[in-house]
S.K.: 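Here's a structure for you.
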Amino acid sequence: MIVSETALPGALVIEPARHGDHRGFFSESWSRRRMEEAGIDLDFVQDNHSLSTEVCTLRGLHYQAPPHAQAKLVRCGRGSLTDVIVDVRNGSPTYGQSLSVDLSFDNGRQVLVPIGFLHGFITREPNTEIVYKVSDYYSADCDGAVRWDSCGIDWSCDTDPIISPKDAEAVPFSDWQSPFEWTGA
Ligand SMILES: Cc1cn([C@H]2C[C@H](O)[C@@H](COP(=O)(O)OP(=O)(O)O[C@H]3O[C@H](C)C(=O)[C@H](O)[C@H]3O)O2)c(=O)[nH]c1=O
């Protein structure tokens with residue numbers, strides 16, 4: 001497993017080992033022991049899985065506010081997508097900065113999204129599946145969204161993305177107050 005730091009403190013790109021043979025491959029997509037060995041101390045409590053049937057489906061930018069804030073370990077189970085995170089920890093040296101990472105079934109790459117980040121993705125193939133672990137349970141009351149087109153992110157999509165009504169009505173970043181604080185970690 002290769003763990004790489006990114007320009008956003010705490011956000012990591014993880015590449016699990018794949019053991020290939022004549023049948024295909026085997027990979028430990030998540031191991032608490034390996035995460036601990038890498039200094040990542042997170043308890044995940046829920047697995048999420050969504051299918052987006054059309055290319056240029058965009059889900060985001062989402063977060064869960066405290067007391068049910070979520071860290072996430074994100075990967076692409078089928079197809080390909082561009083995963084996007086935005087640092088929204090008040091006081092962070094990279095507050096407002098975003099990171100885009102291409103995830104696909106083929107590359108097996110994962111993104112570790114710490115608490116205090118907006119998260120979203122846009123699909124690059126039809127029938128793309130995203131699977132991700134979260135460190136707290138779903139809380140509709142704490143669920144929030146910021147407009148996908150209000151953070152200066154280049155989604156590299158030539159058409160209007162397919163989005164949910166919730167995402168169409170989300171608040172612009174400039175009108176939004178982050179509930180997250182930078183802890184210096
Ligand atoms: C997130 C979630 C949703 N739901 C229900 C609520 C709705 O009835 C339905 C679809 O929810 P939503 O439109 O919020 O799904 P996405 O647009 O994929 O949202 C997710 O996409 C972005 C990229 C994320 O990182 C979050 O995990 C999450 O916000 O699933 C649940 O039952 N449990 C859950 O944990």
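Indexing begins at 1, ligand by ligand and atom by atom, following the structure's order. Residue numbers run from 1 in the order of the sequence given.
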S.K.: Judging by distance only, is a nitrogen or oxygen of His62 under 3.5 angstrom from one on ligand 1?
M.R.: yes
S.K.: Any chance CG of Asp175 has more than 12 other-residue heavy atoms, nucleotides or ligands included, within less than 6.0 Å?
M.R.: yes
S.K.: Taking heavy atoms and a distance under 4.0 Å, where does Lys72 meet ligand 1: side chain, backbone, both or neither?
M.R.: side chain
S.K.: Measure from atom 10 (C) of ligand 1 to the protein's non-hydrogen atoms and state whether any distance is below 4.0 Å.
M.R.: no
S.K.: State plainly whether the residues Lys166 and Asp143 are in salt-bridge range, i.e. N to O under 4.0 Å.
M.R.: yes
S.K.: Under 4.0 Å from atom 27 (O) of ligand 1, is there any protein heavy atom?
M.R.: yes
S.K.: Hey, which atoms in ligand 1 end up nearer than 4.0 Å to a heavy atom of Tyr132?
M.R.: 20 (C), 21 (O), 24 (C), 26 (C), 27 (O), 28 (C)
S.K.: For ligand 1, which is the ligand I care about here, please tell me if Ser50 has any N or O atom under 3.5 Å from one of the ligand's N or O atoms.
M.R.: no
S.K.: Is atom 20 (C) of ligand 1 less than 4.0 angstrom from some protein heavy atom?
M.R.: yes
S.K.: Between Asp136 (side chain only) and Gln70 (backbone N and O only), is there a donor and an acceptor less than 3.5 Å apart?
M.R.: no
S.K.: Mark up the atoms of ligand 1 that fall under 4.0 Å of a heavy atom belonging to Gln46, in ascending order.
M.R.: 35 (O)
S.K.: Hey, what's the ring geometry for Phe105 with Phe25, parallel, tilted or perpendicular (30° and 60° as the breaks)?
M.R.: tilted
S.K.: Is atom 7 (C) of ligand 1 in close reach of the protein, with a heavy atom under 4.0 Å away?
M.R.: no
S.K.: Pairing donors with acceptors under 3.5 angstrom, does anything connect the side chains of Ser27 and Ser29?
M.R.: no
S.K.: Flag the pair Asp43 and Arg32 as a salt bridge only when some basic side-chain nitrogen lies within less than 4.0 angstrom of an acidic carboxylate oxygen.
M.R.: yes
S.K.: Report yes or no: does Gln110 contribute a side-chain atom to a donor-acceptor pair with the main-chain N or O of Pro16 at less than 3.5 Å?
M.R.: no
S.K.: Side chain or backbone, does Ser164 bring an N or O within less than 3.5 Å of an N or O on ligand 1?
M.R.: no
